[in-house]
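Structure first, then comments.
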Amino acid sequence: MTILLLADHDNTVLSDQTAKALSAARQIGGDVHVLVAGSGVEQVADAAARLTGVSKVLLVDGDDLGHKLAEPLSALIVSLAPMYDTIVVAATSVGKSVAPRVAALLDVAQISDIVAVIAPNIFRRPIYAGNAFQTVQSDESKKVITVRTASFASATEEGSAEVQTLAAIPGPGLSRHLADELSSSDRPKLTSAKTIVAGGRALGSAQKFQEFIVPVADKLGAAIGASRAAVDAGYAPNDWQVGQTGKVVAPDLYIACGISGAIQHVAGMKDSKIIVAINKDEDAPIFHIADYGLVGDIFEILPELRKAL
Amino acid sequence: MKVLVPVKRVVDHNVKIRVKSDGSGVDVANVKMSMNPFDEISVEEALRLKEAGVASEVIVVSIGPAKVEDVLRTALAMGADRAILVETEDKTEPLAVAKILKGVAEAERPGLIIAGKQAIDDDSNQTGQMLSALLGWPQATFASKLEIAEGAAIVTREVDGGLQVIGVTLPAVVTTDLRLNSPRYASLPNIMKAKKKPLERKTPADFGVDTTPRLKVLKTEEPEVRKAGIKVKSVAELVEKLKTHAGLI
Ligand SMILES: Cc1cc2nc3c(=O)[nH]c(=O)nc-3n(C[C@H](O)[C@H](O)[C@H](O)COP(=O)(O)OP(=O)(O)OC[C@H]3O[C@@H](n4cnc5c(N)ncnc54)[C@H](O)[C@@H]3O)c2cc1C
Ligand SMILES: Nc1ncnc2c1ncn2[C@@H]1O[C@H](COP(=O)(O)O)[C@@H](O)[C@H]1O
């Protein structure tokens, strides 16, 4: 049995999501080949080759692969599929766009967002915003799986796999990339940060978000998260949203500031090791899951916390 | 240009669901059901395209038991022109739904299909992508902005690092994200009018689709409950607690 794992990267850096999805792939068992598809990705392929447990890296360089458009990327994976019985992809925005296309083209079900591998064909996955977990079995000849990376540890870097370069295949040319508006920052990424400071609707403005959340995050070397309400209101960018329909995170420490604790938000952070909640409403649902709750006004508490750190 | 919008009937997002004690599934008897929130956003977007003179007709389609007529009527009350109900008692997986929607698309020939990014019951996030693959059309998932110009759609997408803008040739499948729009409410007169709007009934067999599930659900369980912790009285106490948890701060 051989598994094909799609690498997650930005053409320069291999993301930690790959190392986590690799742990899921290794639990399924068998050889793991990592597909690094992109534009100018030698460096990424070398990084993938160092991950423990990878037996081969497939490097495919193509102009239309650089922006991870779903159609060319899924066509490439489908062309490689005959050699594999399981295709594993991290549930990133690229993974979620590509994997279902691959599954449909192979005429198999896709298993979304697995949080545990029970057997090579049996997986656990959340439904209803994590308010229930299903154990599902696939008896199909091929399996296409996306992995909730917050549930798996990163593979280590003690490997030295061979890198094999494959020719790109012509893409279907159905879509084209026009622009990126990506946030660049030196801050740790939400999905790999050890500490996250998150703000909700209570912040009231983008300016207050900057003024009260950011300095505490800076002190802690933390990533910044937000509730949907804060993103919808424009206090925080969309890629900071944590929750059922945003990012799922599991840091060592999650500090929720002025967030009520709606199930859709909790779905994205309840596996954090330690949860701190700061809210002026002592009955806010967030306190039901917080290890340490502090009742009070964030505009007083956050500056005090920054000083105390 | 016709716009086709698939809508799913799901447990309302405000309901806290319960798992059946025998582990056979989620108890959905007597709970409030609604249109999947992302599908409300899709209907709204289609209506705006019609109001802007870009779309000629908005057709909504739902696959499920007879009761899914509720959400189709809601979409009609919001302003959709007509509805298609593909009736089945089977639990339909995204692949089967996508195959049925492909059949509907081949019959209706829409220029655009707007689906939700994710159904909030199964949280699959698959159907739109699968449909687009089966049709051989381009896809633009997680849309937060949509513009139609000269046989193409320019779509701003919510991606992990921020936003990405892509252009897709039409026909295409777009899936909606939360920031695309704020859906309108149906007014009472429109709810009354919607009762008379056309609704066509079909079955999966009409499209030659076998809905037998590919995955076997072995069990459904409640999540582990996280123990509530303690309330601290001050920032100093909080910092002290975090420090005693070695290395946390
Ligand atoms: C389809 C769908 C998907 C969704 N997906 C997500 C998702 O992925 N992520 C997500 O987060 N939400 C999601 N939501 C939204 C979710 O249901 C909630 O509406 C949202 O999480 C609320 O955000 P909030 O806690 O910031 O705001 P609110 O619920 O308004 O809470 C604000 C909190 O701040 C407190 N507060 C106010 N002022 C102060 C102050 N000065 N000091 C201290 N505390 C204060 C209040 O007591 C209150 O508890 C989704 C909803 C739907 C329908
Ligand atoms: N039974 C269904 N009937 C109509 N549309 C559906 C159905 N299931 C899924 N969809 C559409 O596909 C989207 C994504 O669903 P899913 O892939 O199940 O997360 C939904 O937002 C709907 O637009």
Let's go through A:Gln264 and B:Ile120 carefully: what are the C-alpha distance in whole Å and the side-chain angles of both, what is the deciding distance for side-chain contact (heavy atoms from CB on, under 4.5 Å) to 0.1 Å, and is it a yes or a no? CA-CA 10 Å; A:Gln264 293 88 356; B:Ile120 61 161; 5.7 Å; no
Is the closest basic N to carboxylate O distance between B:Arg214 and A:Asp107 below 4.0 Å? yes
A:Leu174 to B:Gly136 - nearest heavy-atom pair and separation: CD1-O, 3.6 Å
Any side-chain heavy atom of A:Tyr292 sitting closer than 4.5 Å to one from B:Ile230? yes
Side-chain heavy-atom pair A:Gln241, B:Arg179 within 4.5 angstrom cut-off: yes
Can you tell which part of B:Val232 gets under 4.5 Å to a heavy atom of chain A, answering side chain, backbone, both or neither? both
So which atom in A:Ala103 and which in B:Met130 form the shortest heavy-atom distance, rounded to 0.1 Å? CB-CE, 3.9 Å
Which region of A:Glu71, side chain (C-beta onward) or backbone (N, CA, C, O), has a non-hydrogen atom less than 4.5 Å from a non-hydrogen atom of chain B, or is it both or neither? side chain
Kindly say whether A:His67 contributes a backbone atom to a donor-acceptor pair with the side chain of B:Gln164 at under 3.5 angstrom? yes
Shortest non-hydrogen contact between B:Pro138 and A:Arg101, atoms and distance: C-NH1, 4.5 Å
Report yes or no: does A:Ser175 contribute a side-chain atom to a donor-acceptor pair with the main-chain N or O of B:Gly167 at less than 3.5 Å? no
By a 4.5 Å heavy-atom criterion (distance strictly below it), what part of B:Leu95 contacts chain A: side chain, backbone, both, or neither? side chain
Atom group of A:Ile274 that falls short of 4.5 Å from chain B, counting heavy atoms: both
Could you tell me the separation between the CG atom of A:Asp252 and the CG atom of B:Leu242, rounded to the nearest 0.5 Å? 11.5 Å
With a 6.0 Å cut-off (strictly less than), is the heavy-atom count around NZ of A:Lys194, excluding the residue itself, greater than 12? no
Under 4.5 Å heavy-atom distance to chain A, tell me which part of B:Val26 shows up: side chain, backbone, both or neither. side chain
Selection from B:Leu215, B:Thr141, B:Val225 maximising heavy-atom pairs under 4.5 Å formed with chain A: B:Leu215
Residues B:Arg157 and A:Ser93: side-chain donor-acceptor under 3.5 angstrom: no
So what's closer than 4.5 Å to chain A heavy atoms on B:Arg18: side chain, backbone, both or neither? neither
When you measure from the side chain of B:Lys117 to the backbone of A:Thr245, do you find a donor-acceptor pair of N or O atoms at a distance under 3.5 Å? yes
Within-4.5 Å side-chain heavy-atom neighbours: A:Val266 and B:Arg226: no
Could you tell me which portion of A:Ala308 (side chain, backbone, both or neither) has an atom closer than 4.5 angstrom to a non-hydrogen atom of chain B? both
Evaluate A:Tyr128 against B:Asp121 for side-chain contact (heavy atoms from CB on, under 4.5 Å), listing each step before the verdict. CA-CA 5 Å; A:Tyr128 289 93; B:Asp121 51 1; 3.5 Å; yes
Could you look at A:Leu309 and say if it's the side chain, the backbone, both or neither that has a heavy atom under 4.5 Å from chain B? side chain
Check whether A:Glu304 gets within reach of chain B through its side chain, its backbone, both or neither, counting any heavy atom under 4.5 Å. both
Sort out for me which of A:Val295, A:Thr92, A:Ile263 touches chain B most, counting heavy-atom pairs under 4.5 Å. A:Thr92
Residue pair B:Val235 / A:Ile301: nearest heavy atoms and the distance that separates them: CG2-CG2, 3.8 Å
Which one, A:Ile111, A:Leu182, A:Ile118, leads in non-hydrogen pairs under 4.5 Å with chain B? A:Leu182
Tell me whether A:Asn238 contacts the main-chain N or O of B:Gly162 through its side chain, where contact means a donor paired with an acceptor under 3.5 Å. yes
Tell me, for B:Lys233 versus chain A, whether the close heavy atoms (under 4.5 Å) come from the side chain, the backbone, both or neither. backbone
Which bit of A:Arg228 comes within less than 4.5 Å of chain B, counting heavy atoms only: side chain, backbone, both or neither? both
Is a side-chain donor or acceptor of B:Gln139 paired with a backbone partner of A:Ser97 at a separation under 3.5 angstrom? yes
Looking at A:Lys189, I'd like to know if its NZ atom is crowded, meaning that more than 12 non-hydrogen atoms belonging to other residues, nucleotides or ligands lie closer than 6.0 Å. no
Tell me if the NZ atom of B:Lys20 is crowded by more than 12 foreign heavy atoms within 6.0 Å. yes
Which pair of heavy atoms, one from A:Asp239 and one from B:Asp160, lies closest together, and at what distance? CB-O, 3.0 Å
Could you have a look at A:Ala70, A:Pro237, A:Ala104, A:Gly246 and say which one has the most heavy-atom pairs with chain B under 4.5 angstrom? A:Ala104
For the interface with chain A, which of B:Pro213, B:Ala98, B:Ser144, B:Ser132 has the highest count of heavy-atom pairs at distances below 4.5 Å? B:Ser132
Pick from A:Leu190, A:Val108, A:Val102: which one has the most heavy-atom pairs with chain B under 4.5 Å? A:Val108
Against chain A, label B:Ser234 side chain, backbone, both or neither, depending on which of its atoms sit under 4.5 Å from a heavy atom there. backbone
Measure distances from A:Lys273 to the heavy atoms of chain B and classify the residue's part below 4.5 Å as side chain, backbone, both or neither. backbone
Which bit of B:Lys16 comes within less than 4.5 Å of chain A, counting heavy atoms only: side chain, backbone, both or neither? side chain
Please state whether the side chain, the backbone, both or neither of B:Thr169 comes within less than 4.5 Å of a heavy atom of chain A. both
Worked check of side-chain contact (heavy atoms from CB on, under 4.5 Å) between A:Gln134 and B:Asp122: CA-CA 10 Å; A:Gln134 263 186 351; B:Asp122 61 31; over 6 Å; no
Please look at A:Lys247 and chain B and tell me whether the side chain, the backbone, both or neither of the residue comes under 4.5 angstrom of a heavy atom of that chain. side chain
Side chain, backbone, both or neither: which part of B:Glu221 has an atom under 4.5 Å from a heavy atom of chain A? both
Under 4.5 Å from any heavy atom of chain B, what part of A:His177 do you find: side chain, backbone, both or neither? both
Tell me, out of B:Ile166, B:Val19, B:Leu238, B:Thr156, who's got the most heavy-atom pairs with chain A below 4.5 Å. B:Ile166
Which one, B:Gly229, B:Ala133, B:Ser182, B:Ala152, leads in non-hydrogen pairs under 4.5 Å with chain A? B:Ala133
Tell me, for A:Val276 versus chain B, whether the close heavy atoms (under 4.5 Å) come from the side chain, the backbone, both or neither. side chain
Can you tell me which portion of B:Val173 sits under 4.5 Å from chain A's heavy atoms? Options are side chain, backbone, both or neither. neither
No-hydrogen, no-angle side-chain donor-acceptor test under 3.5 Å, B:Gln126 and A:Ser112: yes
Most chain B-contacting option - heavy-atom pairs closer than 4.5 Å, from A:Asp180, A:Asp113, A:Ile278: A:Asp180
Residue selection (most heavy-atom pairs with chain A, distance under 4.5 Å) from B:Val239, B:Leu178, B:Val168: B:Leu178
Looking only at heavy atoms and a cut-off of under 4.5 Å, which of A:Asp271, A:Asp10, A:Thr195, A:Asn131 has the most pairs with chain B? A:Asn131
Which region of A:Leu305, side chain (C-beta onward) or backbone (N, CA, C, O), has a non-hydrogen atom less than 4.5 Å from a non-hydrogen atom of chain B, or is it both or neither? both
